[in-house]
Novice: 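My questions will all concern the structure given below.
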Amino acid sequence: MRTSIATVSLSGSLTEKLTAASRAGFDGVEIFENDLLASPLTPEEIRARCADLGLTIDLYQPMRDIEAVPEDEFARNLRRARHKFELMRRLGTDTVLVCSSVSPLALDDDALAAAQLSRLADLAQDFGVRVAYEALAWGRHVSTYDHAWSIVEAAGHPALGTCLDSFHILSRGSDPKGIEDIPGEKIFFLQLADAPLLAMDVLQWSRHYRCFPGQGGFDIAGLLRHVVRAGYDGPLSLEVFNDVFRQAEAGPTAVDARRSLLVLQESIGLTTLPQPVVPTGVAFAELVTPDAEPVAAVLGALGLARTARHRSKPVDLWERGEARVLVNTGPAARRDGTGLAAIGLESPDPAGAALRAEALLAPVLPRRRAPEDAPLDAVAAPDGTELFFCATGRPELPNWRADFEPIKDAGTTSAGEDTAGGVARIDHLALTQPWHHFDEAALFHRSVLGLHGQESVDVADPYGLFRSRAVTGPGGSVRIALAVGPAPTEDETRAQHIALATDDVVAAARRFRAAGGQLLPMPANYYDDLAARYDLTEGELAAYRELGILYDRDAHGEFRHCYTRTVGRVFFELVQRDPGHQGYGAQNAPVRLAAQHAQRPRR
Ligand code: MG
Ligand code: MG
């Protein structure tokens, strides 16, 4: 189906919005009246600009407070409408949105509403315009889609149809099944928006919290199925009012928007995309750093050994067990400082994974490699993290490890030696997102990588709110914790971390410290509280207190973890997770965040 987006969903000037919509691959736009009013372009210039960008103008919106009013008021409304229909002719668009009245003058009189909408449609017809009547969830007398349809049906005018808006329908708790009773050709337009499930005033909810399909709690796919069954064949159009998008750059928002529609259409079989190839594990995490020494010191103390060096790039491989960390001192590091730049995902079909990513508008990365290096398929996540798809269990495919030359006399990587407290693998990677990319990131990782999204968790940070949502592969094979913290302009808060799994976090923490590593100290009050909440032995509690180990437990088991000091924008976590436990220590996050803030140099 054709895709469209309302200009109100994007930030910037009208020109910027149109350009962003076109670049993201939308077929059309809804022109929001205020965007036109504020634009220096004439309607003819806007029309030409859209044509140049390959965009149709699918809707002009909104016209408000038209129907079911006293005759003198309605005469004034018709006069206003005539001006707008003339404008629409200049714009070259043929459908106008009329929302149900919120005016105190509006009467609770469906017959009057139908008669006046019919007269409006008569006038519209003279200009080649169709009127799409939409029930606002907070309309004065008409607030449900079936009510709006009954008025349209009663009017029986060929230039009058209805506009369905998923937010207005689902926020009222209406049953969307009844949409199938509306003849498809009378559904003049379909606007789609999701929203988180909130208990609040519906107007405020709509104006500030709408989001793209798949990013909230509504069953948009279920609603769309009913609309398609009704026979609707117009565009799928996004109309999203959201405080975040108002401030975020239009280009990435438009891409996020279009991706949401692709995923939505795929979910109900309206389009076919390359199948997701779910990653089966983490091949490596790649750190970039201008100075390898501090990173090497932490990795060494954690028990990882430098085992190999890249043949053509300044990249070292550190590993122990299945935990592999690349340390890259190349050009990116000099630009960005120490940070987590890339993740290698084990994939049974790297080319297939890249194809799906590309179909879902993920930027495919140019290969920065020497001719003899293994070609790796890679895409960029919304936060810029590079995702490499690494062939696993496919000996015939190029393997990233082949690019690394083993270092002679590198320390052993665990075989044979005392493994108590040894690091076994990467438990999870935590990627702090730019504040305006959080919902986009979750949808990206779910749809592009086929990972499962866990519940979003909000925790208190001493200087704001910290929100986190994990995406995971089957059996926890891949765990990525996406987070967004306070102070959006402070880049330092965009810390990433690598959590390493161990079967004995007390032993691991002791080894780390004995090897010169510094653990993040936790306040004594935390342990007093732990003693109150859980029946831990004195010895256990004393060890946790001494080492700064945090503890959590749920019905599925226990979770113990501790943190290293931060290097650049990266820190490490040691994790001892019972197999059934799916959490990340959200309970403990406020204490950990406060401890990290306390460690940070004051500026
Ligand atoms: Mg709407
Ligand atoms: Mg963590």
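Just follow the structure's listing: the first ligand is 1, and inside any ligand the first atom is 1.
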Novice: Relative to the ring of Phe571, is the ring of His497 parallel (under 30°), tilted (30 to 60°) or perpendicular (over 60°)?
Specialist: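 Parallel, since the angle between the ring planes stays under 30°.
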Novice: Closest N/O/S atom of His428 to the Mg ion (ligand 2), by atom name?
Specialist: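 Checking each N, O and S atom of His428, the shortest distance to the Mg ion (ligand 2) belongs to NE2.
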Novice: For the Mg ion (ligand 2), decide whether Asp427 has an N, O or S atom at a distance under 2.8 Å.
Specialist: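 It does not; every qualifying atom lies at 2.8 Å or beyond.
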Novice: Of all N, O or S atoms in Glu239, which has the smallest distance to the Mg ion (ligand 1)?
Specialist: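 Going through the N, O and S atoms of Glu239 one by one, OE1 ends up nearest to the Mg ion (ligand 1).
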Novice: Distance alone, cut at 3.5 Å: any donor-acceptor contact between the side chains of Tyr526 and Asn588?
Specialist: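 The criterion, which ignores hydrogens and geometry beyond distance, is satisfied for Asn588 and Tyr526.
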Novice: I'd like to know if the Mg ion (ligand 1) has an N/O/S atom from Gln191 within less than 2.8 Å of it, counting both backbone and side-chain atoms.
Specialist: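 Given the 2.8 Å cut-off, Gln191 counts as a ligand of the Mg ion (ligand 1).
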Novice: In Å, rounded to the nearest 0.5 Å, how long is the span from CZ of Arg225 to CG of Asp219?
Specialist: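 Spacing of CZ (Arg225) from CG (Asp219) equals 7.5 Å.
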Novice: Regarding Asp165 and Arg210, does a basic nitrogen lie under 4.0 Å from an acidic carboxylate oxygen?
Specialist: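 Salt bridge between Asp165 and Arg210, a charged N being under 4.0 Å from a carboxylate O: yes.
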Novice: Restricting to N, O or S atoms of Glu573, which is nearest to the Mg ion (ligand 2)?
Specialist: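 That would be atom OE1.
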Novice: Looking at the Mg ion (ligand 1), which N/O/S atom of Asp165 is the nearest one?
Specialist: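 That would be atom OD2.
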Novice: Of all the N, O or S atoms in Glu134, which one sits nearest to the Mg ion (ligand 1)?
Specialist: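 The nearest such atom is OE2.
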Novice: Can Glu558 and Arg577 be counted as an ion pair, charged N to O under 4.0 angstrom?
Specialist: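 Judged by the 4.0 Å cut-off on N to carboxylate O distance, Glu558 and Arg577 do not form a salt bridge.
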Novice: Is the distance between the Mg ion (ligand 2) and the nearest N/O/S atom of His497 smaller than 2.8 Å?
Specialist: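 Yes - counting backbone and side chain alike, His497 has an N, O or S atom under 2.8 Å.
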Novice: Are Tyr544 and Tyr527 close enough that their ring centres sit under 6.0 Å apart?
Specialist: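 Centroid distance Tyr544-Tyr527: not below 6.0 Å, so no.
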